[in-house]
There are 2 protein chains.
Amino acid sequence: MSMTMSELAAKTGIPRVTISRVLNGFKYVSEETKSRVYAAIEENGYEPNLLARSLVLQKSNLLAFVVPDIHLSFYSEMIDLVEQGAMAGGMHLLPFNSLFDPAREQRILSVASQLRVDGMILVPVKTGDTMANATSLKSVRHKLVIFDYHEAASHTTVGMDNWKAGYLAVERLRQLGHRRIAMLEGGLAEESKVQSARGRGFRAAVQELGLSPAQCPVFSGPWGKRGEYFEYGYELTRSHMADFRRLGVTALFAFTDGVALGAMRALMEAGLRVPDDLSIVGCDDLDFAAFLAPPLTTIRQPREAMAAGLLAGLNADRISHTKFDPIFVERGSSAPPRKGKG
Amino acid sequence: MSMTMSELAAKTGIPRVTISRVLNGFKYVSEETKSRVYAAIEENGYEPNLLARSLVLQKSNLLAFVVPDIHLSFYSEMIDLVEQGAMAGGMHLLPFNSLFDPAREQRILSVASQLRVDGMILVPVKTGDTMANATSLKSVRHKLVIFDYHEAASHTTVGMDNWKAGYLAVERLRQLGHRRIAMLEGGLAEESKVQSARGRGFRAAVQELGLSPAQCPVFSGPWGKRGEYFEYGYELTRSHMADFRRLGVTALFAFTDGVALGAMRALMEAGLRVPDDLSIVGCDDLDFAAFLAPPLTTIRQPREAMAAGLLAGLNADRISHTKFDPIFVERGSSAPPRKGKG
DNA sequence: GTGAAAGCGCTAACAC
DNA sequence: GTGTTAGCGCTTTCAC
């Protein structure tokens with residue numbers, strides 16, 4: 001077992017209180033004493049007990065960041081960015097992965113709460129239950145910022161404007177000349193506000209920009225337990241290939257890049273070329289997007305800005321709602337439709 | 001603030017000690033009392049303070065899992081698998097991301113240690129420093145299992161046999177008829193045992209299987225700050241395209257799938273077809289591997305088995321060293337070499 | 001079955 | 001500048 005502060009004190013002859021004071025940056029300690037203390041700590045490999053410290057301080061310096069799928073580069077990059085900021089403020093970031101599972105999320109919320117985290121950033125899995133959980137926790141103890149979800153008026157929210165992302169996809173594809181655009185929506189659109197917002201933006205754009213809803217269908221399918229985007233996009237595309245042909249669809253908008261990748265593979269297997277036969281636009285600008293063949297046109301989330309917004313939201317006293325604009329990144333998977341189509 | 005146990009006691013008239021006993025599964029409590037306590041907890045939204053509890057119990061029920069790149073699906077899947085096992089044992093898993101940065105790893109080790117985690121699974125960034133850190137920590141307090149690294153005799157180690165993975169790649173490509181195989185090694189081979197072991201296995205196979213080392217070069221390049229595998233593979237391949245041509249290389253083995261993806265893209269841009277002109281074999285079987293065009297032949301790490309091994313190592317009293325065999329997964333990116341070459 | 005008392009490792013007033 | 005005291009929220013003997 002590691003030694004305690006008292007033991008360190010006994011061993012070195014330095015009073016326990018003095019050690020504590022040095023560790024807490026207390027002013028009235030002589031430089032000489034300070035160095036003696038640091039030397040003693042170093043020499044004996046003493047490590048303060050965060051548990052005890054947090055208990056008396058009523059502050060753990062812990063921040064929780066709960067994401068639904070840590071493996072998505074979007075979230076893992078956000079975690080890295082937020083962590084840097086947290087560390088600069090002397091906090092530690094604990095990342096958690098809810099895997100889109102409400103029960104799991106519930107457990108995570110509970111653990112984090114019992115660990116007495118000082119703050120939490122949460123990407124809720126669904127609306128009802130989770131928000132209730134989160135709300136109860138928030139009112140109880142820590143700061144809470146809802147990320148990626150914009151309809152929680154009772155909490156600070158930060159995220160990209162997902163509605164705009166869906167809108168932007170249609171707008172840009174239309175500018176390229178496309179008139180028949182299909183969307184691959186998420187299988188959790190009922191539950192996930194992120195997914196549904198993108199779909200709503202898409203539908204709104206179709207209406208407002210004078211396209212035909214009948215020619216711009218939104219497809220979705222059953223969602224696996226985890227975020228199996230590739231498989232999902234692949235299967236969904238295969239099962240609607242006939243619809244694309246029948247409707248003369250010339251462009252596809254996938255609600256996230258992973259789905260776009262799966263779709264691309266399905267199209268290629270069917271002998272269709274991207275973007276010659278069909279344009280594809282993804283969303284999120286995940287790490288692999290630029291490296292596909294062809295490189296994926298996508299809608300990027302402004303991560304750095306959002307990370308800063310998250311931290312700011314955590315520190316703020318008042319509730320706020322911040323939406324960041326999506327960024328259209330044009331790459332090789334989109335092009336004007338071929339003549340005779342669209 | 002959340003209420004304390006004493007407050008709950010005062011409010012409900014149930015003695016504090018009784019509540020504590022119920023929460024800790026003490027035997028001599030009447031069923032009636034138990035339900036009263038549970039009801040009281042539920043009703044008042046009481047949440048036990050893990051900090052205080054761990055302090056007195058001298059046990060946090062926390063496990064740390066430190067990986068170098070949480071975004072790699074290999075690691076995030078391992079985290080999920082280990083977490084399931086941990087939860088079954090009543091522990092909580094805290095994932096940490098060292099980003100291949102020794103300083104960062106050092107900080108994580110320190111925080112985890114100060115948090116008094118009961119156990120730690122560590123994928124060390126490098127050999128020397130980190131192992132020293134880890135050693136000092138281990139001797140002090142918690143259980144330590146080294147993952148993905150096999151030369152720490154002083155600690156329990158668990159991982160795939162990376163040497164065999166490198167060997168297997170050559171062996172299988174040779175069976176397909178390839179004689180000139182290049183390897184794309186990691187930029188951290190000097191520091192990362194995982195990377196270097198794969199390279200050593202590759203080189204050994206070249207020797208033992210009667211291939212010419214001169215015709216089977218191992219390339220590596222400068223490594224970015226984070227694990228930018230795609231870019232790395234892309235740039236590395238571009239910069240050695242002339243070498244491939246000159247040597248008549250017919251197959252490429254990338255030390256991890258991300259690098260293989262980058263390489264594929266570079267090859268395609270150069271007008272080469274996979275696998276017609278060049279076969280590619282990756283390693284790790286990351287989530288996207290099966291969805292590339294063509295699907296990537298790769299060497300899979302047996303994750304479930306390794307997760308179980310990790311947990312077992314954590315629970316064991318004795319030091320052990322477990323190596324799991326790699327699994328060759330043949331997909332579309334590999335084929336026999338064309339006539340006239342190889 | 002239940003209550004009293006002590007203590008986990010640390011910090012924060014207070015005096016000295 | 002340094003020591004003393006009390007207490008953070010909880011669990012655990014030990015009596016009753």
Original post:
Side chain of B/Asn49: nearest nucleotide among D/dG9, C/dC8, C/dT2?
Top reply: D/dG9
**OP:** Write down the distance between CG (A/Asn24) and C1' (C/dT11), rounded to a whole number of angstrom.
**Re:** 7 Å
Subject >> Separation of atom CD in A/Glu7 from atom C1' in C/dG7, rounded to whole Å >> reply: 14 Å
**OP:** Specify the separation, in whole Å, of atom CD1 of B/Ile19 and atom P of D/dC10.
**Re:** 9 Å
**OP:** Name the residue closer to the 5' end of DNA chain C, choosing between B/Val56 and B/Arg36 according to the nucleotide with the nearest heavy atom.
**Re:** B/Arg36
Subject >> Nucleotide nearest B/Met5 (side chain, heavy atoms from C-beta), chosen from D/dC10, D/dT2, C/dA12 >> reply: D/dC10
**OP:** Measure from the side chain of B/Arg16, starting at C-beta and using heavy atoms only, and say which of D/dG9, D/dG3, C/dA5 lies closest.
**Re:** C/dA5
Subject >> P gap between C/dG9 and D/dT2, integer Å >> reply: 25 Å
Original post:
Taking atom C1' of D/dC10 as reference, at what distance in whole Å does atom CG of B/Leu8 sit?
Top reply: 13 Å
**OP:** Could you tell me which non-hydrogen atom of B/Leu314 sits nearest to which non-hydrogen atom of B/Lys143, and how far apart they are?
**Re:** O-CE, 3.4 Å
Original post:
From the list C/dC14, D/dC10, C/dT2, which nucleotide is the closest neighbour of the side chain of B/Pro15?
Top reply: C/dT2
Original post:
Has the side chain of A/Arg21 got a donor or acceptor that lies under 3.5 Å from a partner of the other kind on the base of D/dG3?
Top reply: yes
Original post:
Is B/Leu51 close to A/Leu115 at the side-chain level, that is, under 4.5 Å between some pair of heavy atoms?
Top reply: yes
**OP:** Measure from the side chain of B/Arg53, starting at C-beta and using heavy atoms only, and say which of D/dG1, D/dC10, C/dC10 lies closest.
**Re:** D/dC10
Original post:
Does the side chain of A/Glu31 pick up a donor-acceptor pair with the side chain of A/Ser35 at under 3.5 Å?
Top reply: no
**OP:** On DNA chain C, check which nucleotide each of B/Leu55 and B/Thr18 is closest to and give me the residue with the more 5' one.
**Re:** B/Thr18
**OP:** Kindly express the pairing pattern of DNA chain D in dot-bracket notation, using | wherever a base pairs with another strand and counting only Watson-Crick or G-U pairs under 3.5 Å.
**Re:** ||||.|||||||||||
Subject >> Nearest non-hydrogen partners of B/Glu47 and A/Arg116, listed with the distance >> reply: O-NH2, 2.9 Å
**OP:** Give B/Leu57 one of three labels, base, sugar-phosphate or nothing, depending on what nucleic acid heavy atoms sit under 4.0 Å from its own.
**Re:** sugar-phosphate
**OP:** Side chain of B/Gln58 only, please: which of C/dG9, D/dT11, D/dT5 is the nearest?
**Re:** C/dG9
**OP:** Please identify each residue that fulfils salt bridge (charged side-chain N to carboxylate O under 4.0 Å, His left out) with A/Lys59, with sequence neighbours left out.
**Re:** A/Asp118
**OP:** Taking the side chain as every heavy atom from C-beta outward, state whether B/Phe74 and B/Asp148 have any pair of such atoms under 4.5 Å apart.
**Re:** yes
Subject >> Length of the CG-P vector between B/Leu50 and D/dT11, whole Å >> reply: 10 Å
**OP:** Grab the CG-P distance between A/Leu51 and C/dC10 for me, whole Å please.
**Re:** 10 Å
**OP:** Using only heavy-atom distances, determine whether the side chains of A/Thr33 and A/Ser30 contain a donor-acceptor pair under 3.5 Å.
**Re:** yes
Original post:
When we call it a touch if two heavy atoms are under 4.0 Å apart, what does A/Val29 touch: a base, just sugar-phosphate, or nothing?
Top reply: sugar-phosphate
Original post:
Nearest to the side chain of A/Tyr46 - C/dC10, C/dA4, C/dC8?
Top reply: C/dC10
**OP:** For the residue pair A/Phe65 and A/Phe147, categorise the inter-ring angle as parallel (less than 30°), tilted (30 to 60°) or perpendicular (more than 60°).
**Re:** perpendicular
**OP:** Kindly say if A/Ser20 contacts the phosphate of C/dC10, meaning a side-chain N or O under 4.0 Å from OP1 or OP2.
**Re:** no
Original post:
Are B/Thr4 and D/dC10 close enough that a side-chain N or O sits under 4.0 Å from OP1 or OP2?
Top reply: yes
